[in-house]
Amino acid sequence: MEIATQAPKAPLTSERKIRDDLEEKIPKPYLARALVAPDMEHPNGTPGHKNNGMSVLQQHASYFDQDKDGIVYPWETYRGMRDLGFNPFSSLFIAILINVGLSYLTLPGWLPNLKFPIYIDRIHKAKHGSDSATFDTEGRFMPVNFENIFSKYARTEPDKLTFGEMWRMTEANRNSYDFIGWLISKGEWTLLFRLAKDRNGFLSKEAVRGCFDGSLFEYVAKMNKGGDRKSR
């Protein structure tokens with residue numbers, strides 16, 4: 001039986017296409033992955049990337065845990081942003097925004113902590129709405145939703161997004177009345193675009209996947225420490 005993915009009276013289903021060949025490369029692409037972030041080109045996740053038993057969302061956040069104690073403080077976020085090539089002002093602003101915004105959501109108790117720590121083992125509590133749904137509510141990685149980002153919105157180049165295409169994706173992902181989620185989603189994707197766009201102004205699929213599992217951050221920081229630093 002043929003499965004329809006487009007409805008004649010719902011033109012967006014034709015405009016925003018989804019792939020029907022994922023199972024050729026990714027076994028059970030609809031099944032959330034706890035430890036790896038696979039796509040069609042990397043069905044086993046990032047080669048050489050160690051998950052250390054963490055969920056993919058925890059791996060994403062763990063880059064900023066400079067001393068690997070499971071807690072990210074604002075000064076660690078600042079250091080992580082500096083290592084990614086952001087200037088001191090941007091790094092300070094982003095560190096304050098991230099830790100003040102996420103800390104309380106991840107705390108193990110009810111009382112706030114004025115050091116604004118983010119607990120990585122509870123980072124799933126800080127997941128916001130109006131996102132791509134590539135992370136599920138427990139921090140696992142959903143291959144089918146990741147692939148949908150590019151099949152739906154990459155129009156200029158396959159598996160790459162222009163800034164406009166990225167922006168239209170964030171508009172399409174908005175949930176009703178989720179004003180905070182709208183802002184956070186646009187902020188995150190704009191920051192990623194600023195960090196990882198290539199010389200032609202595209203955000204590649206591989207860069208986005210690397211952001212989800214944190215391997216992109218490790219790669220950029222390593223390149224910057226090797227003398228190829230680009231100020232942002």
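Keep in mind it's a predicted model, so treat the numbers as computed, not measured.
Under the 4.5 Å side-chain heavy-atom criterion for Ile, Leu, Val, Met, Phe, Trp and Tyr, L195 and F212 are members of the same hydrophobic cluster. Clustering ILVMFWY residues whenever any of their side-chain heavy atoms sit less than 4.5 angstrom apart, transitively, puts L191 in the very cluster that holds Y153. In the hydrophobic clustering of ILVMFWY residues, with side-chain heavy atoms under 4.5 Å counting as a link, V208 and W167 come out together. Note on V36 and Y30: separate hydrophobic clusters, where clusters join Ile, Leu, Val, Met, Phe, Trp and Tyr whose side-chain heavy atoms are under 4.5 Å apart, directly or indirectly. In the hydrophobic clustering of ILVMFWY residues, with side-chain heavy atoms under 4.5 Å counting as a link, F202 and M166 come out apart.
Rounded to the nearest 0.5 Å, atoms OG (S62) and CG (N52) are 7.0 Å apart. Between D83 atom CG and F64 atom CZ the span is 9.5 Å, to the nearest 0.5 Å. One distance of note links CG of N224 with CZ of F86; it measures 10.0 Å at 0.5 Å rounding. Here S185 contributes atom OG and I180 contributes atom CD1; the two are 13.5 Å apart, rounded to the nearest 0.5 Å. Atom OG in S204 sits 9.0 Å away from atom CG in D159 (nearest 0.5 Å). Atom-to-atom distance recorded for L203:CG and T190:OG1 is 10.5 Å, nearest 0.5 angstrom.
Between A207 and L216 the shortest heavy-atom distance is O-CD2, 3.5 Å. For the residue pair Y73 and K115, the shortest heavy atom distance occurs at CD2-O, 3.8 Å. Residues P38 and P43 share a closest heavy-atom pair of CB-O, 3.3 Å. Between M169 and I149 the shortest heavy-atom distance is SD-CG2, 3.4 Å. Pairing each heavy atom of H49 with each of S215, the nearest pair is ND1-CB, 3.9 Å. Heavy atoms only, all atoms of each residue included: D213 and A37 are closest at CB-CB, 4.0 Å.
Residues satisfying the side chain to side chain contact (heavy atoms under 4.5 Å, CB included) test with H42, not counting sequence neighbours, are D39, P47, E206, R209.
Aromatic ring centres of W75 and Y78: separated by at least 6.0 Å. In summary, the aromatic rings of F217 and H60 are positioned with their centroids under 6.0 Å apart.
Among pairs with a residue in residues 138-152, those fulfilling side-chain hydrogen bond (donor to acceptor under 3.5 Å, both in side chains) read D136-R140, E138-R140, E147-K205, at least two apart in sequence or across chains.
Ring planes of F93 and F89: parallel class, angle under 30° (limits at 30 and 60°). Ring pair F146/F141 is tilted by interplanar angle, where 30° to 60° counts as tilted.
N173 and T170 form no side-chain donor-acceptor contact under 3.5 Å, judged by distance and modelled atom types alone. No donor-acceptor contact under 3.5 angstrom links the side chains of Q6 and T13, judged on distance only. For the residue pair E188/H128, the side-chain donor-acceptor check at 3.5 Å is satisfied.
A salt bridge links K186 to E171: one of the charged nitrogens lies within less than 4.0 Å of a carboxylate oxygen.
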Item to complete: Begin from the C-alpha positions of M81 and L92 and carry the test side chain to side chain contact (heavy atoms under 4.5 Å, CB included) through to its verdict.
Response: CA-CA 8 Å; M81 297 306 297; L92 179 62; over 6 Å; no

Worksheet item: Please walk me through it: do E76 and D67 pass side chain to side chain contact (heavy atoms under 4.5 Å, CB included)?
Response: CA-CA 8 Å; E76 293 180 291; D67 57 9; 3.1 Å; yes

Worksheet item: What do the steps show when you test K127 against D131 for salt bridge (Lys or Arg N to Asp or Glu O under 4.0 Å), and what is the final call?
Response: CA-CA 9 Å; K127 185 179 182 296; D131 61 359; 2.9 Å; yes

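The backbone N or O of L31 lies less than 3.5 Å from a partner atom in the side chain of R33, making a donor-acceptor pair. When atom types are taken as modelled, the side chain of D65 and the backbone of G70 share a donor-acceptor pair closer than 3.5 angstrom. Of the possible polar contacts, one joining the E165 side chain to the T156 backbone as a donor-acceptor pair under 3.5 Å is found. Side chain of N175 to backbone of D178: no donor-acceptor contact under 3.5 angstrom is found. Using a distance-only test at 3.5 Å, with no hydrogens or angles considered, a donor-acceptor pair links the side chain of Q59 to the main chain of L35.
More than 12 non-hydrogen atoms from other residues, nucleotides or ligands lie less than 6.0 angstrom from NZ of K68. By the neighbour-count criterion of 12 heavy atoms within 6.0 Å, atom CG of L111 is sparsely surrounded, having that number or fewer from other residues, nucleotides or ligands.
The shortest side-chain heavy-atom distance between M142 and F135 does not fall under the 4.5 Å cut-off.
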I'd like a table of donor-acceptor pairs (distance under 3.5 Å, sequence neighbours excluded) in which one partner is a side-chain atom from residues 96-109, with atom names and distances.
residue: N99; atom: OD1; partner: T77; partner atom: OG1; Å: 2.7
residue: N99; atom: ND2; partner: V72; partner atom: O; Å: 3.0
residue: N99; atom: ND2; partner: F116; partner atom: O; Å: 2.9
residue: S103; atom: OG; partner: P117; partner atom: O; Å: 2.6
residue: Y104; atom: OH; partner: W110; partner atom: O; Å: 2.8
residue: T106; atom: OG1; partner: S103; partner atom: O; Å: 3.0
residue: T106; atom: OG1; partner: Y119; partner atom: N; Å: 3.0

